[in-house]
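These notes concern the structure reproduced below.
By convention in this document, chain letters (A, B, ...) are assigned in the order of the sequence lines, proteins followed by strands, and residues within each chain are numbered from 1. Keep in mind that what you see is a predicted model, and the values were worked out from it rather than measured. Both backbone and side-chain heavy atoms feed into the values below; hydrogens, waters and symmetry mates do not.
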Protein chains: 2
Amino acid sequence: MYIEKINSPSDIKALDITQLNTLASEIRSGLMNRLSKRGGHFGPNFGFVEATIALHYVFDSPRDKFVFDVSHQCYTHKMLTGRRDAFFDDEHFGDISGYTNPDESEHDFFNVGHTSTSVSLASGLVKARDLTGAGGNIIAIIGDGSLSGGEALEGLNFAGELGSNFIIVVNDNDMSIAENHGGLYRNLKALRDSDGRCECNLFRAMGLDYLYVADGNDIAVLIEAFRRVRDVDHPIAVHINTVKGKGYKPAETQREQWHWHNPFDPATGRALSSRDGENYGDMTCDHLMKKMKADRSVVTITAAVPTNIGFTEEKRREAGAQFIDVGIAEEHAVAMASGIAKAGGKPVFATHSSFFQRTYDQLSQDLCINRSPATLLVNTASVYGMHDITHLGIFDIPMMSNIPNLVYLAPTNCEEYFAMLDWSIEQDRYPVAIRIPCNGVIHTDEPVDTDYSELNRYKVTRQGSGTAIIALGDFYQIGEELAELIAASTGTAPTLIDPRYITGIDTSLLGKLRSAHSTVITLEDGILDGGFGEKIARFYGASDMKVHNFGLKKEFVDRYAVDDILRDNHLTPEHIFNDVFGGEEC
Amino acid sequence: MYIEKINSPSDIKALDITQLNTLASEIRSGLMNRLSKRGGHFGPNFGFVEATIALHYVFDSPRDKFVFDVSHQCYTHKMLTGRRDAFFDDEHFGDISGYTNPDESEHDFFNVGHTSTSVSLASGLVKARDLTGAGGNIIAIIGDGSLSGGEALEGLNFAGELGSNFIIVVNDNDMSIAENHGGLYRNLKALRDSDGRCECNLFRAMGLDYLYVADGNDIAVLIEAFRRVRDVDHPIAVHINTVKGKGYKPAETQREQWHWHNPFDPATGRALSSRDGENYGDMTCDHLMKKMKADRSVVTITAAVPTNIGFTEEKRREAGAQFIDVGIAEEHAVAMASGIAKAGGKPVFATHSSFFQRTYDQLSQDLCINRSPATLLVNTASVYGMHDITHLGIFDIPMMSNIPNLVYLAPTNCEEYFAMLDWSIEQDRYPVAIRIPCNGVIHTDEPVDTDYSELNRYKVTRQGSGTAIIALGDFYQIGEELAELIAASTGTAPTLIDPRYITGIDTSLLGKLRSAHSTVITLEDGILDGGFGEKIARFYGASDMKVHNFGLKKEFVDRYAVDDILRDNHLTPEHIFNDVFGGEEC
């Protein structure tokens, strides 16, 4: 096998085209080995094998610098830069992350995982190279799906101003995670259909030079193209047409399902495990479908991750004009939701906590200053959510809850979640965000409120004394366990509270707690800094109440085990009990 | 005067072209009256008089809906929609805001003030109209300068998908606030030069239909163009070429200086007051110029507001390749700064606190996960900063300081500010943000630290006992006054602390305070929620220390008087003293 001899990119330069094609097959077998057993980004990597080989063949990494957008297509790059074992040797799967990572290799320059950032990041490398005279080619690699994101478009527009060597490889497989959305994709099609000759050209309109490569999975053709642009003295877009999932039929034909895939049987393409039982994705979709059928003004909006709330291709078709996927364009999604709400529609925009980070200004300016009654569903906003450093869901409380006029709700169970969603869709006074629980679908027999319009009213679920536990959202269940532990250990049952509202405190209830409580414990599924518990600490700051805040440390963690991080942050009932009552006899 | 008879847009429909042209002159006299006496956005409004008249002549507001981008060009619209007195009658200047405002008129749909939002907001109106069958035209009005912003580009790309009536008027005066930046402006020029016939067309590449109007200051021509697109059944960009500042020579020739202007003498164009004495804008520019001359790797970056740190046209030219204005593209600016820093450059990106809101995800993902040692200068981050609801500088502490890995510093005087800036530029370990003081240039004779690499060390500036005042950034001076008041009133001098670091607490110092202090007072120039003081409250939550946090309430305030808001938030030494010690004898 050739791949066994590739320890750095220079090792491929001695191979001829036939050998490089064999190498591509070997790389696909490595990809298949890892992805079928461990899961990961399938389509992006299978489609970009040949282009990666050609890039490393023509350019000299790390003097020439590659910046991968999202970097979910970087597996071949990892194999060619000393990280082969992480694909061929199952014991080494854990050696690498799923994204570029400077800690792994001198051939990686940034830790990335969000889309649409490569052109801007790489333009910084261009600028620094030109000021310091360091030399070398700078190459940004961006997929067509990422082009719709504001940061990418800002970067493309600005790239032309740099006026020196800058190569932007546009990997066009005619897909985002789901299908692409937006007019620019009609232009990409026109360019593909005209073999790059169409006069109307987005890249040229943005001030860039342009080169089209029809077969982006042909190594020889790619090598020739990259040789043409190597050491170019100005910015140029190299538009290459690739096949997403190339080399594996199920992935070539079902491109959305195979963008990312769980472990599967390579012979059949069938997943090794199935998602059994209830989940909030499918339940949210079903709930919204019912709403939309009953009321034509309800609109569901997603941004390139429609299945995060269960909207499969079939469901999207069924919802028709009342469903909008905007592609990767979260800023647009929030502002458009504000516009829909302002005109009497009932928009619901859902995406991951980590992707709401792209929308701070839109939340503040477009939505909250205008008090537009849109609903935002914040998904995987939890330590139980996504575990990659670039996709953490533990920062949304400080980011969103301190924006005026927003009502941010944290349901503690299934019934409360859907009651809040129903209320939010029908009310017309507030922008409302809801944190979808992330600790499994937990049901309650207790009645839940249906009206949340009187803001910041906490709910006492168990009246006790001595200690009050204010357990926010999906840490409520930890609060329940803690309450039992305290009752059993001290003989006094504490008060347990479901605060529900993240964005404000129930000053009346908190004031009343003083009469029969000396200790308040807050629990929140997110970082403590700027979060929920600190507001309680401030409220009681000048009083005799002892306040203990429990939540996560402010840090970027990567590929963590949930149990580890809960233990490290003292987020088990036993840890909390010991921290609060450790000095006392129990 | 015709303007005297215009109480609603329908009143202009009876006028003929000659009368409409006279009306335009009258409107300019109203603009001149208000702007020369009160200041405001000059160039955008003078250039858009004819277009606004034509829009209201052809369309039927509010059934047809106009959404103005930034809305700094909406003064003529205000005059034609019942708000004439705010321009002609000095006593009524205060009746209106400088931006569209739904509280003022049924002809305004959104409170806006940030750029690049109109297409997305308007597309929400389009979607809601189509679902509810409400009918009417939706018209977004966007300046060429706003086109470079990510939200605008996301919106333009998505607009084509709406597939129904949507008119996007692109007001092209070949200027942003300063000159435009980016390749798309070469395409706008090619379109202007070819009378709209150039085959390569950004708007068509984005999937939109297109119409060009060469003379965007000719009412008759504009009326004809708008009539052609009225009730169009698909999205279309109407590209009109206008003259910024049209009708006033100084504004037509010095377009950057007259984008926004202070009160002036209409006869000469000279400002009625001049900026005397020291200011951090000019001082920052001078400081950075010296740095750049001494070190070729230092790069200053701004985003369409270069003079906010003193970079006038002349200074920009002098700085050459080491100065970059990216235009309205803050996301790109932060990501590019990360790239520059990663490659060994020393980037300094400065903009207003309110505009950093566009960059949350770039701060988190591009900059802080990657620990790129860039410097961010956060300007007008203060209650003393900008007073419009859309430009408030009191939210950056919760937004930025809770992002891991960022070091956010708050200098308390001039010497500390520049010491921090020097340290930040030269160090290579941390992304650093600095809050430029906003309460005047205050000097100190005391020595200031030059090395801030050991994080989160507060500085005790006056050792006392009983009470400790932790006074952050430009509220330090309130802390000084408060210290004197406490000493004089209680006979015990308190401890005064300059905490310097917003992003972390000095646990060692805070722990030691316990021995001789029973009360801690925190002061911060921003909202309390998610801010600095709450971290201190959390630290002492389970102890006997009494903590009082002083700062601003979480709310969107509009056109406030500083004294009022300080009083309302109990942010005077007397208020604070009474709140903390009111119950005690003093």
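- For the pair A:K127 (side chain) and B:A321 (backbone), a donor-acceptor distance under 3.5 Å is present.
- Using a 4.5 Å cut-off between heavy atoms, A:I527 contacts chain B through its side chain alone, with no backbone atom that close.
- In terms of heavy-atom pairs under 4.5 angstrom with chain B, the leader among A:G207, A:G530, A:G150, A:G182 is A:G182.
- Taken to the nearest 0.5 Å, the NZ atom of B:K342 stands 10.5 Å off from the CZ atom of A:F109.
- B:V299 touches chain A through its side chain: at least one heavy atom from C-beta onward sits under 4.5 Å away, while N, CA, C and O do not.
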Subject >> CA sep, side-chain torsions, deciding dist, call: B:I403, A:M399, side chain to side chain contact (heavy atoms under 4.5 Å, CB included) >> reply: CA-CA 9 Å; B:I403 298 174; A:M399 184 192 68; over 6 Å; no
Original post:
What do the steps show when you test A:Q362 against B:E151 for side chain to side chain contact (heavy atoms under 4.5 Å, CB included), and what is the final call?
Top reply: CA-CA 9 Å; A:Q362 290 71 38; B:E151 187 177 350; 2.7 Å; yes
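- A pairwise comparison of heavy atoms in B:A542 and A:H548 identifies CB-CE1, 3.4 Å as the closest pair.
- Partners of A:K535 according to the side chain to side chain contact (heavy atoms under 4.5 Å, CB included) rule, which considers only residues two or more places apart in sequence or in another chain, are A:S401, A:N402, A:I505, B:D529, B:E534.
- With a threshold of 4.5 angstrom between heavy atoms, B:D558 does not approach chain A through any atom at all.
- Neither the backbone nor the side chain of A:Y540 comes within contact range of chain B; no heavy atom of the residue lies under 4.5 Å from a heavy atom of that chain.
- Here the side chains of B:I536 and A:R538 are not in contact, with every heavy-atom distance at 4.5 Å or above.
- Ranked by heavy-atom pairs under 4.5 Å with chain B, the list A:I369, A:T522, A:N549 is led by A:I369.
- A:E331 places a side-chain heavy atom less than 4.5 Å from the side chain of B:E331.
- When every heavy atom of A:R296 is checked against every heavy atom of B:L131, the shortest pair comes out as CG-O, 3.4 Å.
- Heavy atoms closer than 4.5 Å to chain A are found in the backbone of B:D325, but not in its side chain.
- Heavy atoms of A:S543 lying under 4.5 Å from chain B belong exclusively to its backbone.
- Between A:F158 and B:V326, the shortest heavy-atom contact is CE1-CA, 3.6 Å.
- Note on A:S372, A:G160, A:S123: by heavy-atom pairs under 4.5 Å with chain B, the leading option is A:S123.
- B:R186 touches chain A through its side chain: at least one heavy atom from C-beta onward sits under 4.5 Å away, while N, CA, C and O do not.
- No part of A:D295 comes within reach of chain B, as not one of its non-hydrogen atoms sits under 4.5 angstrom from that chain.
- Comparing A:L363, A:T117, A:T132, A:D366 by how many heavy-atom pairs each has under 4.5 Å with chain B, the most go to A:D366.
- Within the 4.5 Å cutoff, no side-chain heavy atoms of B:L156 are placed close to those of A:H332.
- Both the backbone and the side chain of A:N111 come within less than 4.5 Å of a heavy atom of chain B.
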Subject >> CA sep, side-chain torsions, deciding dist, call: B:T503, A:K554, side chain to side chain contact (heavy atoms under 4.5 Å, CB included) >> reply: CA-CA 10 Å; B:T503 28; A:K554 178 181 80 169; 3.9 Å; yes
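- Looking only at heavy-atom pairs under 4.5 Å with chain A, the residue among B:S364, B:A159, B:S297 that has the most is B:S364.
- Note: B:Y360 and A:Y360 have parallel aromatic rings, judged against thresholds of 30 and 60 degrees for the angle between ring planes.
- Your options are A:A333, A:S148, A:A152, and the one with the most heavy-atom pairs under 4.5 Å with chain B is A:S148.
- Proximity to chain B is absent for every atom of A:M400, based on heavy atoms less than 4.5 angstrom apart.
- Residues A:C200 and B:E199 share a closest heavy-atom pair of CB-O, 3.5 Å.
- Of all the heavy atoms in A:Q365 and B:T390, the pair that sits closest is NE2-O, 3.2 Å.
- Residue-environment remark: CZ (A:R204) exceeds the threshold of 12 foreign heavy atoms within 6.0 Å.
- In this structure, chain A has a heavy atom under 4.5 Å from the backbone of B:E330, while its side chain stays farther away.
- Proximity to chain B involves both the backbone and the side chain of A:L528, based on heavy atoms less than 4.5 angstrom apart.
- Closest of all the heavy-atom pairs between B:R358 and A:D361 is CG-OD2, 3.5 Å.
- The greatest number of non-hydrogen atom pairs below 4.5 Å with chain A, out of B:N187, B:N370, B:L208, is found for B:N370.
- Expressed to the nearest 0.5 Å, how far CG of A:L121 lies from CE of B:M336 amounts to 11.0 Å.
- Here A:L147 contributes atom CG and B:N157 contributes atom CG; the two are 9.0 Å apart, rounded to the nearest 0.5 Å.
- In terms of heavy-atom pairs under 4.5 Å with chain B, the best-connected choice from A:G113, A:C198, A:G149, A:S116 is A:G149.
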